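Read the structure below first, then the notes.
As the structure is a prediction and not an experimental result, all values here were calculated from the model. Values below: every heavy atom of this structure, side chains too, minus hydrogens, waters and symmetry copies.
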There are 2 protein chains.
Amino acid sequence: MASPHQKQTMKDRILQTADRLFYLKGIRAIGVDTISAEIGISKRTLYNHFPSKDALIAAYLERRFVQPKPSDKSPVEQILGTFDALERRFGAKDFRGCPFVNAVAELGGEDKSVKKVAIAFKESRRLWFRDRLLELGVADPEGLATQLQLLVDGSIAQDLVRDDPAMARAAKQAARVLLENAGVKVSSPDGAKA
Amino acid sequence: MASPHQKQTMKDRILQTADRLFYLKGIRAIGVDTISAEIGISKRTLYNHFPSKDALIAAYLERRFVQPKPSDKSPVEQILGTFDALERRFGAKDFRGCPFVNAVAELGGEDKSVKKVAIAFKESRRLWFRDRLLELGVADPEGLATQLQLLVDGSIAQDLVRDDPAMARAAKQAARVLLENAGVKVSSPDGAKA
DNA sequence: TTTTAGTTACACAGACCTGTTTACCTTGGC
DNA sequence: GCCAAGGTAAACAGGTCTGTGTAACTAAAA
């Protein structure tokens, strides 16, 4: 059925464009007309691939739910590297906060499926921290993972408002303190490695 | 149903209702018809008091821009008390995140005036922390204030998604560590850490 | 009383939204 | 050649939104 040799299917093109517009401008702000016009296809074609805008929104969020790629670095480097990656993304012109938090803020508590996937995403990120903290053998990996995730989400919210990548550095500095306090040995706090 | 003692002006009633609906359901999700119908006034009356919905949105955000009331407690108690207050608000049914962050997420980077007031609000909160840290004589009050604000915004974002007041306790615990690391003497945790 | 300011009810304009319908292309496989 | 799949364009239905226009109604001040 599927055509594996095609570079990009129509569904992919629709999803990719919807992703960009939903994320940059807001889900409610973008209509299906805008998406189809941007791709240069008819609205009918879009509806042939997605039964409704809600289905497109769901696919958009699913597409955003990606796992961090495996790394062979040390757990501490991976944890602190998270904030370096954040700083890089904050500097990009097309960064506009966490798509899951934004979707919940925009669509409200009404839409339960959106909230569900947002919760799942946040929890998966917290577990990623926890797994690395387990490897480090800290006393309370669950609690510390939550605290690190707070720093991540806090810096994202702050950058969304202020457009200031330094928020990621502040978060990294706080993370270092929390790690050291938990008995983890952290390399010198110079920021050259960003 | 008009109140017996009507000390409240029409403008106040409009603002109050707009505030509740904008905050709970989202700014884009609420139309002026809904607001006027909820109050029981005509749409014309609403437009007699606010020239446009944008003006109403601006007034809504201005109204939300309140300063914390002065306290005679110690700086440390004030700082940590922030997170207790957060936990209380997280528990309330009508809490739905930070209205400024939500507005920026919803209205996008397009609306510059919204972003401007959001930046001003976040900065005022950061300065509130800084002033108390100055009183405590910590080495880097600016940086530490930013880090505490990250914990505040992180816990708000996490609670918006997860509806979990424990996020405020996790933030408080992290704040304690950051304060102690800065040489501030912090009393022992009142509640057992989860 | 007359005036005046504020309100109501309601229709309306013009725009945009989601989603459907109709009819007419293209194109590749047989 | 033939056919089916899937594309296009455009109108359309039915709804929402912001904002205006108009005529009638109150209530209090002058």
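Of the inter-residue distances, the one linking B:Ile79 atom CD1 with B:Lys73 atom NZ reads 13.0 Å to the nearest 0.5 angstrom.
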Sequence-aligned protein contact record of nucleotides 4-22 of chain D, with B where the base is within under 4.0 Å of a protein heavy atom and S where only the sugar-phosphate is: ---SB---------BBBBB

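Side-chain N or O atoms of A:Asp164 include none that pairs as donor or acceptor with a backbone N or O of A:Asp159 at under 3.5 Å. Under the 3.5 Å distance criterion, the side-chain polar atoms of B:Asp153 are left unmatched by any main-chain donor or acceptor of B:Cys98. One N or O on the side chain of A:Arg28 and one on the backbone of A:Glu106 form a donor-acceptor pair closer than 3.5 Å. Listed for the A:Lys53 side chain is a donor-acceptor partner under 3.5 Å among the backbone atoms of A:Ile27.
For A:Arg63, the CZ atom counts as densely surrounded, since its 6.0 Å shell holds more than 12 non-hydrogen atoms of other residues, nucleotides or ligands.
For DNA chain C, the outermost nucleotides in 5' to 3' order that have an atom under 4.0 Å from a heavy atom of chain A are C:dT18 to C:dT21.
Taking the six-membered ring where tryptophan is involved, the planes of A:Phe95 and A:Phe90 are tilted, since the angle between them lies from 30° to 60°.
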